Number of protein chains: 2
Amino acid sequence: MTTEAHRDDAAARLRAAGLKVTAPRIAVLDAVSGHGHLDADAVLSRVAGTLPGTSLQSVYNVLGALTDAGLLRRIEPAESPALYESRTGDNHHHVVCTRCRAVADVDCVVGEPPCLAPSDAAGFAIHTAEVTFWGLCADCQREVAG
Amino acid sequence: MTTEAHRDDAAARLRAAGLKVTAPRIAVLDAVSGHGHLDADAVLSRVAGTLPGTSLQSVYNVLGALTDAGLLRRIEPAESPALYESRTGDNHHHVVCTRCRAVADVDCVVGEPPCLAPSDAAGFAIHTAEVTFWGLCADCQREVAG
DNA sequence: CAGTTGTTTTGAGTGACTCAAAACAACTGG
DNA sequence: CCAGTTGTTTTGAGTCACTCAAAACAACTG
């Protein structure tokens, strides 16, 4: 079954990351995997479907642990709560809609990470370049025009 | 006198932006101008020197008004409160120290704004590209090495 | 210089978390 | 496979960085 396959996969990934396998962790990992960019509340809503009674605090704990373990990635666009996504390890970027806050992935702009080099780094030893594009999503373009 | 010259300049810039000229606005504009990247508390500290008794709420009001008017720019790096800077209108970028949160300006990476074009914009109409570099500032490199 | 309009202050309220202690569940080794 | 240890989850309180609202006040206008 799809759901069980997912669960097994989640368990395996947790184990591989050296984390204890618990129901909330599986539920959160499944909730985020393949569902775009979710904030803690949205994760809780999804988790409530498979594991009712889970506390928001646990969601925060789990999201923190999974992010530290590299199983999830956290992004923090201006004016938004933190969002979590399951696509990790490829340093891709994001477009954020200035009207509805929708987020989409954008592949690395040039070559591989860090895909940009500053002209002058002010003495900093840079290890990451994070790019956030701002614009109007397709839906909002339509609504604004319409 | 330098201070008065600054004050006159600030007043002129406020007027030019169509804003009423008030003591807190002048004080905040002066506090931010040429002093890097300050959060609301840091602005209040600086303002307290020239205009004691100013409330934090006023600082928030003023920072908001000046930002809306284009006299200040707000940046919100992950894990930091909002920071304000006086360099506006040139869409430059920033380097943030992952250890001490120091921020420095970085000139536009390539050409002019928006200096990047995503390979695939997922249907978004993009108007801005915001780049944040993460690394270790010179001081922190020294402390980590030493 | 009186009026109007927009600012600043005071004070309360909110969202998005973090911190801590106690109850509990996963893996370990016996 | 069962007790122990260690790490998790829950419960509940607390914090930070703001935002909202009403009343007191100060800038520009005529």
Side-chain angles (χ1 to χ4, degrees), chain A residues 7-8 10-29 31 37-45 47-48 50-69 71-72 74-84 101 103, chain B residues 7-8 10-32 37-45 47-48 50-69 71-72 74-84 101 103:
Chain A
R7 228 175 44 184
D8 291 352
R13 289 200 284 156
L14 288 168
R15 238 183 291 274
L19 294 174
K20 280 190 183 174
V21 176
T22 69
R25 287 181 175 172
I26 292 171
V28 166
L29 195 45
H37 307 84
L38 304 178
D39 63 19
D41 275 353
V43 171
L44 180 59
S45 303
V47 165
T50 61
L51 199 68
T54 308
S55 69
L56 179 59
Q57 177 61 49
S58 292
V59 170
Y60 277 111
N61 289 347
V62 171
L63 288 171
L66 300 190
T67 302
D68 288 349
L71 294 176
L72 294 180
R74 179 187 3 245
I75 62 171
E76 294 179 48
E79 325 267 278
S80 288
L83 302 176
Y84 296 84
R101 304 278 116 171
V103 175
Chain B
R7 227 176 44 187
D8 292 352
R13 289 200 283 157
L14 288 167
R15 237 183 292 274
L19 295 173
K20 281 191 182 171
V21 176
T22 68
R25 286 181 177 173
I26 293 172
V28 166
L29 195 44
D30 277 347
V32 178
H37 307 84
L38 304 178
D39 64 20
D41 275 354
V43 172
L44 180 60
S45 302
V47 165
T50 61
L51 198 69
T54 308
S55 69
L56 179 58
Q57 178 60 51
S58 293
V59 169
Y60 278 111
N61 290 347
V62 171
L63 288 171
L66 299 190
T67 302
D68 289 348
L71 295 177
L72 294 180
R74 173 198 282 124
I75 62 172
E76 295 179 48
E79 325 266 279
S80 288
L83 303 175
Y84 296 84
R101 304 279 117 170
V103 176

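Naming: A, B, ... by sequence-line order, numbering from 1 per chain. Both backbone and side-chain heavy atoms feed into the values below; hydrogens, waters and symmetry mates do not. Worth saying up front: this structure is predicted, and the values here are computed from it rather than measured.
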- request: Could you list the residues that satisfy side-chain hydrogen bond (donor to acceptor under 3.5 Å, both in side chains) with B:R101, not counting sequence neighbours?
  value: none

query: Among all residues two or more places apart in sequence or in another chain, which pass the side-chain hydrogen bond (donor to acceptor under 3.5 Å, both in side chains) test with A:S58?
result: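 With neighbours one apart ignored, the set is A:S55.
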
query: When you look for runs of 3 or more Watson-Crick or G-U pairs in a row, both distances below 3.5 Å, which of them include DNA chain D?
result: C:1-30 with D:1-30

task: Could you say whether A:Y60 or B:T54 is positioned toward the 5' end of DNA chain C, judged by the nucleotide with the nearest heavy atom to each?
output: B:T54

Residues forming a side chain to side chain contact (heavy atoms under 4.5 Å, CB included) with [X], sequence neighbours excluded:
X     : result
B:S45 : none
A:N61 : A:Q57
A:P24 : A:T22, A:L51, A:V62
A:A17 : A:L19, A:A69, A:L71

statement: Per nearest nucleotide of DNA chain D, the residue lying toward the 5' end, A:V59 or B:R15, is A:V59

Most 5' of B:T22 and A:L19 on DNA chain D, judged by nearest nucleotide: A:L19

task: Side-chain contact test, heavy atoms from C-beta onward, threshold under 4.5 Å: evaluate it for B:V103 versus B:I75 and give yes or no.
output: yes

Length of the [atom1]-[atom2] vector between [X] and [N], whole Å:
X     : N      : atom1 : atom2 : answer
A:L14 : C:dC27 : CG    : C1'   : 14 Å
A:D41 : C:dG15 : CG    : C1'   : 9 Å
B:Q57 : C:dA12 : CD    : C1'   : 11 Å

- prompt: Which part of the nucleic acid does A:A82 contact within heavy-atom distance under 4.0 Å: base, sugar-phosphate only, or nothing?
  reply: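 Since only primed, P, OP1 and OP2 atoms lie under 4.0 Å of A:A82, the category is sugar-phosphate.
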
- request: Look at all strands and tell whether A:A40 reaches a base, only sugar-phosphate, or nothing, counting heavy atoms closer than 4.0 Å.
  value: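 Nothing: the residue A:A40, judged by heavy atoms under 4.0 Å, touches no strand.
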
field: Main-chain N/O of A:A82 paired with A:R74 side-chain donor or acceptor, under 3.5 Å
entry: no

- prompt: Considering the options A:L38, A:D39, A:L56, which one meets the side chain to side chain contact (heavy atoms under 4.5 Å, CB included) requirement together with A:L44?
  reply: A:L56

query: Under a criterion of less than 4.0 angstrom to any heavy atom of chain A, what are the 5'-terminal and 3'-terminal contacting nucleotides of DNA chain D?
result: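 With heavy atoms of chain A under 4.0 Å away, the range is D:dT6 to D:dG12.
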
